[in-house]
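Below, chain A is the first sequence line, B the second, and so on; all start at residue 1.
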There are 2 protein chains.
Amino acid sequence: MARIRQAVTIKHVAADAGVSLQTVSRVINKEPNVRPQMQERVQASIDKLGYVPSLAAQRMSGSRSYLILALNDRERTIAEWRARQGSDWVDQMLLGGMLKCAEFGYRMMFELVDTHNDHVERELTAAITALQPDGVILTPPHSDNMLIVNLLEKHNIPFARIGSAGSNAGIALTMGDEKAGEDSTRHLIELGHKRIGFISGPGEYVLSGWRQSGWERAMQDAGLPTDGLLAAGDFSFESGLAATEKLLGLQDRPTAIVASNDHMAMACLQVAKGLGLTVPDDLSIISFDNTPIAALADPPLSAVDQPVAETTSQAVELIISAKNGNAVPEGLINVPAGFVDRASTAPPPSA
Amino acid sequence: MARIRQAVTIKHVAADAGVSLQTVSRVINKEPNVRPQMQERVQASIDKLGYVPSLAAQRMSGSRSYLILALNDRERTIAEWRARQGSDWVDQMLLGGMLKCAEFGYRMMFELVDTHNDHVERELTAAITALQPDGVILTPPHSDNMLIVNLLEKHNIPFARIGSAGSNAGIALTMGDEKAGEDSTRHLIELGHKRIGFISGPGEYVLSGWRQSGWERAMQDAGLPTDGLLAAGDFSFESGLAATEKLLGLQDRPTAIVASNDHMAMACLQVAKGLGLTVPDDLSIISFDNTPIAALADPPLSAVDQPVAETTSQAVELIISAKNGNAVPEGLINVPAGFVDRASTAPPPSA
DNA sequence: GTGAAAGCGCTAACAC
DNA sequence: GTGTTAGCGCTTTCAC
């Protein structure tokens with residue numbers, strides 16, 4: 001295989017424009033201290049020759065790689081890809097992240113990293129050393145993995161933590177979980193529901209706690225009891241089955257259930273149907289995340305829409321801004337969740 | 001922002017092991033001509049220091065970037081991401097491509113490129129120049145875009161063309177479209193169907209023709225007529241609606257329909273229901289691709305499973321093999337499609 | 001405001 | 001088998 005050498009390099013441009021390499025470099029990087037006339041002349045040569053700087057070379061000498069690394073949990077991501085249940089978390093990250101990166105001449109790369117693994121540190125260090133990204137985006141549950149956070153801090157790489165309260169380092173972004181939990185529960189309360197069950201997510205994800213808090217707050221504010229109405233899930237369909245069975249097996253069973261993700265809501269739907277209950281007439285269901293299955297369920301599920309694309313987009317923008325020397329925003333960035341009202345909610349049967 | 005310099009470089013390793021840079025380089029690249037004892041000593045230093053070579057530096061001096069670029073159609077991909085209908089084409093590519101890349105120490109990058117655009121050439125050249133990938137994976141409809149193919153050939157970059165017969169350049173891979181069209185039609189014939197409609201995809205995709213040919217062949221082989229049973233679609237839901245209306249509006253309407261993708265099959269289902277037809281009792285439907293919506297439809301659709309992950313995986317492997325100087329396989333690589341029998345097919349009503 | 005020189009981390013080519 | 005030299009394409013540093 002022939003050695004690939006760049007067809008047109010900064011040298012060619014410099015020669016063509018009759019200036020030094022340095023001046024071309026300044027034009028490429030939009031640095032000041034270049035006379036407009038000079039800059040125009042150089043730009044003309046760049047356009048004429050179709051010159052595009054080599055990322056590798058820029059990375060070699062300069063301080064930027066124009067690369068942002070998005071880290072996802074290996075096991076869970078691969079499992080979701082294999083399951084083919086339509087989870088579009090990665091797609092939404094790509095949508096928000098790639099497009100925003102492109103605006104700034106950056107690229108986004110994906111990397112899968114194990115959480116439950118002593119190799120985390122080695123794996124991540126390897127990726128960082130090989131790629132030398134200008135920034136890293138952490139997704140749950142990595143966002144709160146202190147091993148990862150500390151490593152990134154040590155390497156002095158700007159990073160965003162999606163779905164984390166992350167008080168210490170990095171840019172923390174949340175997706176309105178608590179408020180969404182509260183609002184969706186309130187929506188049910190307004191429909192007349194008094195017994196509203198909640199299926200929680202795994203403790204490993206901080207956002208599980210937030211979603212639950214929202215539900216608790218709304219119930220409390222309305223003077224409604226939550227005793228026995230909380231069932232623990234772990235985001236899996238199976239856990240949703242068990243949780244729903246527990247909830248619907250109650251003496252005084254709930255007339256509505258909020259599930260912490262779509263899979264568990266689907267399980268909820270299945271159990272309800274199995275019990276001969278009609279959704280939403282006998283049981284209202286609200287799910288979290290709004291991955292495609294929510295819309296495709298029968299009936300289509302009303303769901304909290306997790307703003308993954310928008311959040312990733314903001315994460316990219318903040319990282320690049322930090323890389324440009326701007327201050328990292330203080331405190332938490334909150335990207336509010338949406339709510340898509342479909343056909344799985346109605347007033348309670350007795351109302 | 002501090003200048004990021006590599007913490008531990010090849011120099012450190014060389015110093016630690018007391019050998020020359022070149023020897024370390026040889027060990028990294030698993031070149032022969034290194035005494036086992038030497039190689040062990042160097043490897044020990046590498047492990048001890050946690051050395052990982054910089055991709056950028058490898059790219060700069062060597063002939064490889066360890067990067068494979070996957071190209072997708074910008075407009076269509078973004079539209080699918082936005083629509084959130086669960087299309088997992090990108091996820092499956094990532095699944096097959098990233099994992100295979102990782103086996104060889106490569107990375108996969110995604111790039112969106114416009115097809116219907118005079119900028120294709122400029123856009124792609126820019127990406128190639130900036131990234132200098134070791135290989136490129138083309139997906140439909142890019143796989144048959146001669147502008148792209150010629151460009152890649154000119155740059156001497158190994159590339160794979162997924163879903164293309166691509167006689168001239170690059171590694172062509174198909175996903176068993178014709179046989180799948182034939183087999184699924186035959187499946188319906190065996191169930192007793194005699195009037196089987198077919199909704200085609202857009203001509204822009206060569207695989208549309210293959211799928212259709214498969215249907216035609218099966219019908220022909222069985223001595224069944226196809227006149228009037230072909231309706232043109234373009235992969236969109238709307239086109240599926242129109243095509244199905246045409247087909248079901250026929251005097252002697254089909255008792256089964258094969259749709260060239262899932263969206264059109266969903267449209268088919270909707271039209272059938274609107275007409276008061278029960279699927280599969282009154283109408284059997286088989287769809288192509290088997291994206292998540294097929295499984296989530298009501299009834300779940302029997303579908304041809306497009307082996308995207310496996311095909312991408314093979315594409316990566318062949319590209320790396322080509323890059324290593326091995327001959328590119330002659331002719332077409334065919335990765336057979338699967339078939340998932342769900343609940344949308346049954347014997348025809350009169351049978 | 002512009003240019004010249006040095007060097008980033010690594011590999012190719014060649015010497016020994 | 002192993003070391004040395006040169007250089008990839010760019011930015012940094014420092015002159016002017």
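Mapping B:Ala57 and A:Glu31 onto DNA chain D by nearest heavy atom places B:Ala57 at the nucleotide closer to the 5' end.
Across all strands, B:Val24 comes closer than 4.0 Å to no nucleic acid atom at all (heavy-atom distances). Within 4.0 Å (heavy atoms only), B:Gln58 reaches sugar-phosphate atoms of the nucleic acid but no base atom. Among the atoms of the strands shown, none is found under 4.0 Å from any heavy atom of A:Pro32.
Computed from coordinates, the A:Leu131 CG to C:dG9 C1' distance equals 15 Å when rounded to whole Å. At whole-Å resolution of the value, CE in A:Met60 and P in D:dG7 are 16 Å apart. Atom-to-atom, CG of B:Leu55 to C1' of D:dG9 comes out at 17 Å; the value is rounded to the nearest Å. Rounded to whole Å, atom P of D:dG3 lies 16 Å from atom NZ of B:Lys11. In this structure, the CD atom of B:Gln37 is 13 Å from the C1' atom of D:dT2, given to the nearest Å. Distance NE2 (A:His12) to C1' (D:dC8): 13 Å, rounded to an integer number of Å. To the nearest angstrom, P of C:dA12 lies 8 Å from CD of B:Gln22. For the pair B:Leu21 CG and C:dA15 P, the interatomic distance rounds to 19 Å; values are reported in whole Å.
Side-chain contact annotation: B:Gln43 with B:Gln39, donor-acceptor N/O pair under 3.5 Å absent. Inspection of the B:His142 and B:Thr139 side chains reveals no N or O donor paired with an N or O acceptor under 3.5 Å. Residues A:Arg161 and A:Asn145 have side chains that never bring a donor and an acceptor to within less than 3.5 angstrom of each other.
Listed pair B:Arg59 / D:dC8 fails the phosphate criterion, with no side-chain N or O lying under 4.0 Å from OP1 or OP2. The shortest distance between the side-chain N/O atoms of B:Tyr66 and the OP1/OP2 oxygens of C:dT11 is not below 4.0 Å. The side chain of A:Thr9 contributes no N or O atom lying less than 4.0 Å from OP1 or OP2 of D:dC8. Close to D:dT2, at under 4.0 Å from its OP1 or OP2, lies no side-chain N or O of B:Ser20. A close approach under 4.0 Å does not occur between any side-chain nitrogen or oxygen of B:Asn33 and OP1 or OP2 of D:dT2. For C:dT11, one of the phosphate oxygens OP1 or OP2 lies less than 4.0 angstrom from a side-chain nitrogen or oxygen of B:Ser25.
Relative to the side chain of A:Ser61, the nucleotides C:dT2, C:dT11, D:dC10 differ in distance, and D:dC10 lies closest. The side chain of B:Ile10 has C:dC10 as its nearest neighbour among D:dC10, C:dC10, C:dG3. Nearest nucleotide to the side chain of A:Arg35, out of C:dC10, C:dT2, D:dG3: C:dT2. When distances run from any side-chain atom of A:Ile28 to the nucleotides C:dT2, D:dT2, D:dT11, the shortest one goes to D:dT11.
Formation of a donor-acceptor pair under 3.5 Å by the B:Asp134 side chain with backbone atoms of B:Ile68 is not found in this model. A:Ser143 contributes no side-chain N or O that, together with a main-chain N or O of A:Gly163, makes up a donor-acceptor pair within less than 3.5 Å. In this structure a side-chain-to-backbone donor-acceptor pair under 3.5 Å is present from A:Arg41 to A:Ala17.
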